[in-house]
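Let me begin by presenting the structure, written as structure tokens, before commenting on it.
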Amino acid sequence: MSSEDLGAVWVLQGFSKVDDFLRTEFPISREQIMQLRELITPDADDPWMFSCYDVPIELWPAVEAILQCGPPDPGLDYTTGCYAAD
């Protein structure tokens with residue numbers, strides 16, 4: 001089953017609590033979301049991580065190893081996100 005079959009697009013979202021215009025998004029594949037589920041435990045009724053989940057900075061080395069997304073921006077907080085595919 002592909003992420004399109006699930007009707008979902010996952011992203012790593014960075015956002016600033018101080019400046020609403022400071023935002024970033026990094027795509028997450030279906031395979032990567034499966035690996036992230038081992039780091040960030042989703043709610044029992046949300047196995048595909050359709051809801052947003054905080055990505056603690058202390059997990060960043062493991063997150064970066066999975067996503068190859070580079071270092072975090074120190075001015076941003078990060079969450080996983082999901083929205084409907086077009």
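Starting from 1, each residue takes its place in the sequence as its number.
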Whether the side chain of [X] engages the backbone of [Y] through a donor-acceptor N/O pair (distance < 3.5 Å, no angle test) should be reported.
X	Y	answer
D43	D45	no
D46	S51	yes
D73	G75	yes

| note | Across all chains, not counting sequence neighbours, the ring pair (Phe, Tyr, Trp, His ring centres under 6.0 Å) partners of Y78 are W60
Side chains of [X] and [Y]: does their closest heavy-atom pair fall under 4.5 Å?
X	Y	answer
T41	Y53	no
L67	F26	yes
L12	C69	yes
I40	V55	yes
I28	V9	no
T24	F15	no
P72	I57	yes
C52	Q13	yes

| request: With R37 as the cation and W48 as the aromatic partner, state whether NZ or CZ is under 6.0 Å from the six-membered ring centre and within 45° of the axis. | output: yes
| query | Quick one: CE on M49 to OG1 on T79, what's the gap to the nearest 0.5 Å? | reply | 9.5 Å
| request: First locate atom CE of M34, then atom CH2 of W10, and finally report the distance between them rounded to the nearest 0.5 Å. | output: 9.5 Å
Heavy-atom pair with the smallest gap, counting every atom of [X] and [Y]:
X	Y	answer
L76	L22	CD2-O, 3.8 Å
I66	Q35	CG2-OE1, 3.1 Å
C82	A8	SG-CB, 3.6 Å

